[in-house]
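Reviewing the structure listed below.
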Amino acid sequence: MDNNKTNGQPVGLFANKALKDEPHVGYVNAAPTASTQTHATEESNDLTVHAGKKTTIASGEALKLAVVGHTNTGKTSILRTLLRDVYFGEVKNEAATTRHVEQAKLTDSQTGEDLVILYDTPGLEDASGLMDWLEDNTASRRDGIERLQQFLAADIAQGGDALTSSGGNDDYSQEAKVIRQLLASDMAIYVVDAREPVLGKYKDELAILSWAAIPVMPVFNFTDSQDANIDEWQTMLARRNLHISTRFDSVAFEFEDEMRLWQNLATMLTHSEMLKQLMTRRTENWAQLYDEANIIIADFLLNVAAFVYEINEDDDPMPILAQMQEAVRQSERAMQHNLLNLYKFYDNAVAATPLELQAYQQDPFDPELLKSYGIRTTSGAAAGALLGLGIDAAALGTTLGLGAAIGGIAGGLLSNTSSIADRITGVKRLYIDPATLTLLATRAIDLLTALRHRGHAATDATQLLYKGEKSSLETSSNDGSYHNDSNSNTDEDSNPITVWPANKLPSELKKARGKPQWSSLSSGKSEQAQLLRADMAWSLASKLQSREPE
């Protein structure tokens, strides 16, 4: 059933005005963290324009919100980010991408109740031409709604055959679709490309929108751009009695900006219960996403930390090391994809993923990557293929990085520990070293931070990093004080780049080193291993959230 109709009649702020065009796409966002989409064909209904009195949104009724604006200002982009859905609509860097009204719903994730119904409308292509027609063909003493109704009844609003038969050349059928939806909505947000100068056509758009007699709130998109002209826009808007506006960048996303958008809309309504309920639920869901993301990261780190491989003392460790490194690489990729899916950034052709960034593609066992994060190993001999492997002389309670051990051959360190271990156990235990664990943790946190600030309209992988802020990798790469050479006097304990100093792993990871059964990489038993490390994952996730190393 069409949510814009009751018993075949439109409902909304002006229930007397019928839409000619039904919403072209029916879309249901079942929760801020889940959505589905269905497509329908456009319906052609007879135009009906009725007279009647103004009504207001009822208490407990879903808010019908039209998203309007000039072509190519990012209306669909804003909806994608609000819906957390890279699939909604079509986003291109060209005018008039949206040709029909598309519908989406925001519902309560717990009750399933519809809270807000959003309508993505075509761009206003020639508001100045439409304003000229309205001035020439409608009486100025009539109110705005009557003048818009007269326009909707005219041939120029129909397009196609109706326009051809009348012998007219002006086609305002796209503008008509916007106005029909506007008159059937409770309020509207007017999307402004903050990079654009204030031009006459935008002033005409606002004049036409004001005639619908519903609250209109300007929303500034692309505010992260250095070319933003927000002050100029706000001056113009104030002259048109539009004093409430908000900033919401569909690419450089900030959750606080979204909450401010809903809050500002609520101040313009008599009954704002649904928006307040929406804000409460989305705040809860946003926090829950963050909790789940940190659990994913913590579980991954414990899985790698507990990864142990035993070999005989005389065995060549290199083939085993290669196997262990590849297992860790695959595990990290799986963790990254889990984070992407959690925040609904899918690895597909619709939207580029953060995995395309070099920072997340680079091999975690590349010694140069470790150096770029400011993580120092105990010896330069840990470079190349040996990086990431440790030897544990378990009977002595001593842990050494393999690189450090090999670097100590001249001093007899390796031969002494190995010979004693041989006599006691006859085996060596290989594991992933603390420096690599620290790198993996830092990179995961970087990715999570980026995802929380990335709008779902971002189609360029370089848009992952936002507002001039840098990942740990970029920060350390551009800071000459962090180096990985043995002569460096840098105090690793004060290194702000990593989530913790490499020589001070959290207690949960230290404990995992002696629990090979916790790792599916060691045991091959994924579900069982995950259950065994579940409690530690919760504990470590809490520390990741607080970022307070031991």
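In this chain, numbering begins with 1 at the start of the sequence shown.
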Search all heavy atoms of [X] against all heavy atoms of [Y] and return the closest pair with its distance.
X    : Y    : value
N294 : Q545 : ND2-CG, 3.2 Å
L448 : A293 : CD1-CB, 3.5 Å
E258 : L82  : CG-CD2, 3.7 Å
K75  : V68  : CD-C, 3.4 Å
L439 : L369 : CD2-CD2, 4.0 Å
P197 : Y202 : O-CE1, 3.4 Å

Using only heavy-atom distances, determine whether the side chains of [X] and [Y] contain a donor-acceptor pair under 3.5 Å.
X    : Y    : value
S185 : Q181 : yes
Q288 : E292 : yes
Q150 : N137 : no
D120 : T76  : yes

Check your understanding: Do any pairs count as a salt bridge (charged side-chain N to carboxylate O under 4.0 Å, His left out) and have a residue in residues 129-147, sequence neighbours left out, and if so which ones?
Key ->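 Every pair satisfying salt bridge (charged side-chain N to carboxylate O under 4.0 Å, His left out) with a residue in residues 129-147: E135-R147, R142-E146.
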Can [X] and [Y] be counted as an ion pair, charged N to O under 4.0 angstrom?
X    : Y    : result
D85  : K344 : no
R443 : D446 : no
R281 : E284 : yes

Show me the donor-acceptor pairs within less than 3.5 Å that the side chains of residues 205-213 make with the rest of the protein, sequence neighbours left out.
{"residue": "E205", "atom": "OE1", "partner": "Y190", "partner atom": "OH", "Å": "2.5"}
{"residue": "E205", "atom": "OE2", "partner": "H70", "partner atom": "ND1", "Å": "2.4"}
{"residue": "S210", "atom": "OG", "partner": "A207", "partner atom": "O", "Å": "2.5"}

With rounding to the nearest 0.5 Å, note down the distance linking [atom1] in [X] to [atom2] in [Y].
X    : Y    : atom1 : atom2 : result
L152 : L183 : CG    : CG    : 6.5 Å
M274 : L106 : CE    : CG    : 12.5 Å
M236 : D231 : CE    : CG    : 13.0 Å
L440 : R329 : CG    : CZ    : 11.0 Å
Q149 : R180 : CD    : CZ    : 12.0 Å
W262 : D257 : CH2   : CG    : 13.0 Å

Looking at [Y], does the NZ or CZ of [X] lie under 6.0 angstrom from its six-membered ring centre and within 45 degrees of the ring axis?
X    : Y    : result
R454 : F345 : yes
R452 : Y290 : yes
R80  : F88  : no

Answer whether the closest heavy-atom distance between the side chains of [X] and [Y] falls below 4.5 Å.
X    : Y    : value
E332 : M335 : yes
F248 : F220 : no
L275 : L63  : yes
I296 : L342 : yes
P122 : V101 : yes
F255 : T283 : yes
M187 : L269 : yes
R84  : R282 : yes

Ignoring hydrogens and angles, tell me if any N or O in the side chain of [X] forms a donor-acceptor pair with the backbone of [Y] under 3.5 Å.
X    : Y    : result
T107 : S109 : no
T267 : N264 : yes
N303 : D299 : no
D186 : K64  : yes
E175 : E125 : yes
T449 : I445 : yes
H456 : Y343 : yes
S250 : T81  : no
E196 : V192 : no
S542 : W538 : no

Practice item. Fit a plane to each ring of F253 and W286, take the angle between them on a 0 to 90° scale, and name the class: parallel (under 30°), tilted (30 to 60°) or perpendicular (over 60°). Key: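 Perpendicular, since the angle between the ring planes exceeds 60°.
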Practice item. Would you check, one step at a time, whether the test side chain to side chain contact (heavy atoms under 4.5 Å, CB included) holds for I78 with N221? Key: CA-CA 8 Å; I78 281 180; N221 195 11; 4.0 Å; yes
Point to revise | V116 vs K105, side chain to side chain contact (heavy atoms under 4.5 Å, CB included): CA-CA, chis, key distance, verdict | key: CA-CA 6 Å; V116 176; K105 294 180 183 178; over 6 Å; no
Check your understanding: If you look only at pairs with a residue in residues 237-248, which of them pass as a side-chain hydrogen bond (donor to acceptor under 3.5 Å, both in side chains), with sequence neighbours excluded?
Key ->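 Every candidate side-chain hydrogen bond (donor to acceptor under 3.5 Å, both in side chains) pair involving residues 237-248 fails, so no pair, neighbours aside, qualifies.
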Review point. Going through the distances and angles, do I156 and F151 end up as a side chain to side chain contact (heavy atoms under 4.5 Å, CB included)?
Key: CA-CA 8 Å; I156 63 168; F151 157 68; 3.8 Å; yes
Practice item. Could you please spell out the steps behind the side chain to side chain contact (heavy atoms under 4.5 Å, CB included) verdict for L65 and I189? Key: CA-CA 7 Å; L65 180 63; I189 60 175; 4.0 Å; yes
